[in-house]
Each structure stands twice: as structure tokens, then as C-alpha cells.
Amino acid sequence: MFWILLLVSVASKSVTTTLTLSPELNWKYVSKFAVDIGKGSWEMKAKLAKPLDANSSDRLKLVTSVYLDDFWEDALYADSCISKTAASKREKYLKVPLNGEWSSEISGILSQRLRPHVWYFSVSDCDQELTEKIRLKVEMHFLNADESEFSLEDKGMVYLFPVMMVAYLAALSGNLLKLIKKFQKTEDLEPNLLMLNLAVGCQFCGICCEILHLWIYAYNGKGLPVFNFFYQILEVMSGLMVTIMFIIMASGWTLVYRDFPDADVYIPVSLLVVLLNLLVVGIGRVTDDAYYKFSDYEGIPGLLLIFMRLGMWGWFLYLVWSLQSSLQGKKMSFVLNFSILASVYFLAQPFLVVFSLAFVNYWRNTIVVVGTTCIQTSVFFFLSHLFSEKSTYYKISTMSESVLPGKMH
């Protein structure tokens with residue numbers, strides 16, 4: 001019943017936002033939409049969050065301006081309301097009732113022939129009709145050139161995530177079989193295999209949530225935000241498990257000693273990383289429709305992610321440097337190779353975030369999502385091989401030692 005209520009609550013095909021206009025701040029950005037070659041469309045209506053005069057039939061005349069991406073920065077950095085609206089491609093009057101009712105719907109066509117474009121929308125009161133501050137609730141609906149609900153930067157995701165789900169299902173099934181066989185053989189659950197399965201399981205469940213969100217989004221233009229939130233949280237948990245696994249392996253776990261290390265250090269650090277990741281997710285959701293944002297990691301979330309990853313990488317390198325003095329031969333060779341591969345994991349996402357900025361804005365999300373997915377998938381398959389009995393690492397590590405004194409298996 002809870003899920004049905006959530007579905008009903010987002011059955012509108014609208015993007016809803018609330019903004020503040022005043023005599024001093026009389027121009028505000030509303031939303032954006034990236035349209036492929038062809039003709040897209042938009043619709044808008046608005047109402048006052050608090051009526052100015054409940055008994056009046058008068059209307060507040062505002063202007064909705066539509067900007068092509070080529071001229072958006074001209075509007076953004078112009079020093080007056082009139083200069084900002086002058087940069088627009090077209091304008092329409094939005095007549096908002098003073099009694100708090102919804103305005104009549106206005107609409108338009110977004111047409112491009114040569115290449116895709118991002119269109120930006122603003123609402124303004126350059127004629128200074130306002131005498132006091134108001135809160136305006138605006139509802140918009142967009143359609144792309146193929147009449148889908150997806151902005152161009154999100155269109156491919158509806159096909160990408162099912163492919164990811166199949167890959168992670170295969171990885172999860174294989175690792176669970178390894179874990180079961182290991183337990184049947186030794187009656188002991190290897191913590192590394194357990195952590196790996198939990199990481200893959202979290203990622204798999206998160207992908208399933210995102211697929212449901214995207215399918216619903218394709219139907220109603222808004223999706224089910226709670227599923228998207230679960231996807232982000234589960235992705236954070238999966239990444240955290242891999243990060244902690246790399247760090248404790250760099251301290252010698254499974255290579256020098258068998259028992260899981262003391263949790264007094266790793267639990268506080270893990271909680272700190274979780275909180276920082278939740279902060280990244282939270283800020284990302286609050287700024288989700290910001291004019292400058294085309295992926296989850298642009299702006300402040302991207303900076304936080306970069307600093308956090310660099311910090312974890314620095315800790316990892318320190319532990320590897322400390323471990324090397326006690327190793328030799330094959331173990332030393334393994335640690336050197338392992339540190340290179342783990343460093344790629346720590347640095348890949350920050351690199352992708354920065355690298356994506358070199359591309360047109362509607363490609364950035366695809367680059368970050370596809371790149372991150374490929375790296376995460378590669379890491380899971382690498383760890384699955386690493387923990388298998390066929391790997392060189394398995395043979396030189398404590399995993400090949402019997403849990404019973406004096407016996408090998």
C-alpha cells in the first residue's frame with residue numbers, strides 16, 4: 001500500500017519548483033531541458049504559494065523567457081532584468097491569479113536542426129508589477145523530439161541499467177556459489193568473500209531500484225524519487241565496502257594475517273565516509289535541477305567527491321608504504337601490482353568528473369555513469385578472481401591456509 005501511495009503522489013508529468021520573486025530580485029531561473037535534433041515541447045503553469053488577494057480576479061503579469069544554450073550565459077551574467085530577458089530566444093506572458101489559483105497553461109516548441117541544444121527557462125517581473133516579495137509555485141512539463149520524457153543527458157540510461165543488472169546478477173551468482181562451496185569445504189565464512197558479495201549485492205539492488213525509477217519516469221516524466229534515492233544510497237554502501245576492503249588489505253589483511261582487523265579504527269572511518277557520501281547525495285538532490293548541473297557530481301558534490309577519494313587514496317598509499325618493509329618475493333610483487341590497480345579505482349571517479357567537463361553538457365552524465373559503471377564492474381570481477389583458488393594471490397595469502405592447525409586444503 002505504501003508503494004501504491006507513492007506512485008499516486010507522482011502521477012503528474014510535471015517538474016515542480018518554488019521560487020521567490022521580489023522588486024529587488026525580479027528575475028529567476030526555473031528549469032532546463034536538453035532536446036535532441038527535431039522538435040521538443042514544453043508547458044508551464046504557476047500559482048502564488050500564498051494568495052495576495054483571495055477575492056480578487058486580477059492577475060499578475062510575469063514573463064516566461066526561453067533561452068537557447070548559446071545565449072544562456074549572456075542572460076546569466078547580465079546586470080539588469082531587461083538585459084537578461086533581451087538574451088532570450090522567445091518570451092510568453094504568464095498571467096498568475098492573485099487569488100492563489102493556477103494560471104492558464106502556456107506552451108511552446110523547442111526546435112533544432114543541426115545539433116542538440118539545452119533550453120533554459122526563467123520567470124521575471126521586469127515591468128516592476130510586484131510591490132512585495134512573493135513565492136511562486138511553477139509546474140513544467142517537457143517532451144523531447146522523440147516525445148519521450150527524458151532530457152537528452154538521461155535518455156540512454158533506460159537501456160544501460162538493464163545491461164548492468166544482468167552483469168551484476170552474473171557476478172553475484174558466481175560469488176555466492178564460491179562462498180557456499182567455501183563454507184561447505186571449511187565450515188568457515190571468509191570475511192573477504194562475504195564483503196565482496198555484500199558489495200555486489202548492494203550494487204545489484206541499487207540498479208534494480210534505478211531501473212524501476214527510470215521505467216516509471218518514462219511513463220510519467222518524474223519517476224519515483226524514493227527509488228532513485230535508494231539507488232544512490234546502495235551505490236554508496238557498495239563503494240564503501242570496496243574502499244574499506246582495499247584499505248584493510250593494504251594493512252596486511254589476508255596477506256600477512258588472517259583475522260579481520262580491529263574495528264575500532266575502521267568503524268569510525270567508515271561512518272565518516274558514509275556521512276560524507278550522504279552529504280554528497282543530499283546536496284546533489286537539492287541542486288538536481290540547477291542550471292549548471294548535468295550529472296550527479298557537478299558543483300559542490302563533485303568537489304566533495306574528489307577530496308574524499310583523494311583522502312582515502314592517501315590513506316591507502318600510507319598503509320601500502322608501511323606494509324612493504326615486512327614483505328619480500330611474490331608478496332612484495334603482488335602488493336606493488338595491487339597498489340597500482342587500487343589507485344586506479346580511487347582516482348577513476350574524480351578523473352571522470354573532471355574529464356566530463358571537457359564535453360558538451362548533455363554528454364557529461366553518460367560519461368560519468370558509463371565510466372563509473374565500467375570501473376566498478378571491473379573491480380568486482382578483479383576481486384572475484386583474486387579471491388578464487390586459481391589466483392596467485394590466493395596461494396600466497398592466508399586464505400590458502402587451513403582453519404585447522406597443521407592442515408592445508
Side-chain angles (χ1 to χ4, degrees), residues 12-17 19 27-46 61-78 81-96 102-126 136 138-160 214 217-223 288-295 298 356-367 369:
S12 168
K13 294 185 177 182
S14 299
V15 174
T16 303
T17 185
L19 50 90
W27 181 94
K28 283 292 182 70
Y29 159 80
V30 180
S31 190
K32 67 181 185 299
F33 195 72
V35 184
D36 208 346
I37 295 172
K39 291 183 179 181
S41 63
W42 64 275
E43 297 171 350
M44 176 190 284
K45 63 181 180 179
K61 189 168 72 172
L62 302 175
V63 174
T64 297
S65 299
V66 185
Y67 300 88
L68 193 63
D69 48 12
D70 295 335
F71 306 104
W72 172 243
E73 288 194 0
D74 296 339
L76 195 60
Y77 298 113
C81 182
I82 294 175
S83 299
K84 289 176 180 293
T85 56
S88 67
K89 184 74 172 177
R90 57 184 69 98
E91 296 177 354
K92 290 205 172 187
Y93 284 110
L94 182 67
K95 298 178 181 179
V96 183
W102 283 103
S103 70
S104 297
E105 198 167 63
I106 60 174
S107 61
I109 299 297
L110 305 171
S111 179
Q112 45 274 302
R113 301 179 190 176
L114 300 179
R115 69 171 182 88
H117 282 284
V118 181
W119 295 85
Y120 298 84
F121 296 80
S122 75
V123 169
S124 61
D125 176 38
C126 294
L136 191 69
V138 181
E139 192 172 278
M140 297 196 70
H141 177 217
F142 301 98
L143 283 177
N144 217 309
D146 60 354
E147 296 192 354
S148 75
E149 304 285 347
F150 290 99
S151 184
L152 187 57
E153 70 270 16
D154 295 322
K155 281 182 68 175
M157 299 300 106
V158 73
Y159 306 109
L160 173 65
L214 290 171
Y217 193 104
Y219 166 72
N220 68 13
K222 194 170 183 178
D288 187 50
D289 199 30
Y291 66 84
Y292 57 83
K293 191 174 178 188
F294 289 86
S295 76
E298 289 190 51
S356 69
L357 298 178
F359 291 81
V360 291
N361 41 29
Y362 46 80
W363 277 110
R364 293 174 190 169
N365 188 54
T366 302
I367 291 168
V369 172

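Each residue takes its place number in the sequence, starting with 1.
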**Prompt:** Is there side-chain contact between Pro116 and Ile37, with heavy atoms separated by less than 4.5 Å?
**Reply:** yes
**Interatomic distance, Ser107 atom OG to His141 atom NE2 [nearest 0.5 angstrom]** = 11.5 Å
**Item:** Side-chain donor or acceptor of Asn144 paired with backbone N/O of Asp36 under 3.5 Å
**Value:** yes
**Message:** Within the supplied structure, the quantity of interest is the number of heavy atoms (other residues, nucleotides, ligands) at a distance under 6.0 Å from Arg115 CZ; does it exceed 12?
**Reply:** yes
**Fill in**
Tested for side chain to side chain donor-acceptor pair (under 3.5 Å) against Asp69, the lone hit among Gln112, His117, Lys32 is His117
**Prompt:** Of all residues at least two apart in sequence or in a different chain, which pass the side chain to side chain contact (heavy atoms under 4.5 Å, CB included) check with Ser122?
**Reply:** Trp27, Ser65, Tyr67
**Item:** Set of side chain to side chain contact (heavy atoms under 4.5 Å, CB included) partners for Leu19, sequence neighbours left out
**Value:** Leu21, Lys28, Val30, Leu136, Val138
**Prompt:** Quick one: CG on Leu76 to OH on Tyr29, what's the gap to the nearest 0.5 Å?
**Reply:** 10.5 Å
**Complete:** For Ser356 and Ile367 the tightest heavy-atom approach is CB-CG2, 4.1 Å
**Request:** Evaluate the ring-ring contact (aromatic ring centres under 6.0 Å, His included) criterion for residues Phe121 and Trp42: first the C-alpha distance (whole Å), next the side-chain angles of each, then the deciding distance (0.1 Å), finally the verdict.
**Result:** CA-CA 10 Å; Phe121 296 80; Trp42 64 275; 5.2 Å; yes
**Item:** Pairs meeting criterion salt bridge (Lys or Arg N to Asp or Glu O under 4.0 Å) with involvement of residues 81-91, two or more places apart
**Value:** none
**Request:** Starting at CG of Asn361, measure out to NZ of Lys293 and round the result to the nearest 0.5 Å.
**Result:** 14.5 Å
**Message:** Quick check: do Leu94 and Lys92 have side-chain heavy atoms less than 4.5 Å from each other?
**Reply:** no
**Prompt:** Between CD of Glu105 and NZ of Lys45, what distance do you get to the nearest 0.5 Å?
**Reply:** 6.0 Å
**Request:** Can you establish whether the number of heavy atoms outside Ile82 located under 6.0 Å from its atom CD1 is more than 12?
**Result:** no
**Complete:** Value for CH2 (Trp72) from OG (Ser88), rounded to nearest 0.5 Å, stands at 10.5 Å
**Asked** For the residue pair Phe294 and Tyr120, does the interplanar ring angle fall in the parallel (under 30°), tilted (30 to 60°) or perpendicular (over 60°) class?
**Response** perpendicular
**Message:** For a 4.5 angstrom cut-off between non-hydrogen side-chain atoms, does Phe33 reach Met140?
**Reply:** no
**Request:** Please report the C-alpha distance between Tyr93 and Leu62 in whole Å, then the side-chain angles of each, then the deciding distance to 0.1 Å, and finally whether the side-chain contact (heavy atoms from CB on, under 4.5 Å) criterion is met.
**Result:** CA-CA 6 Å; Tyr93 284 110; Leu62 302 175; over 6 Å; no
**Complete:** Tyr362 and Ala34 have their tightest heavy-atom pair at CB-CB, 4.1 Å
**Prompt:** Judged by atom type as modelled, is there a donor-acceptor pair below 3.5 Å linking the side chain of Lys95 to the main-chain atoms of Ser104?
**Reply:** no
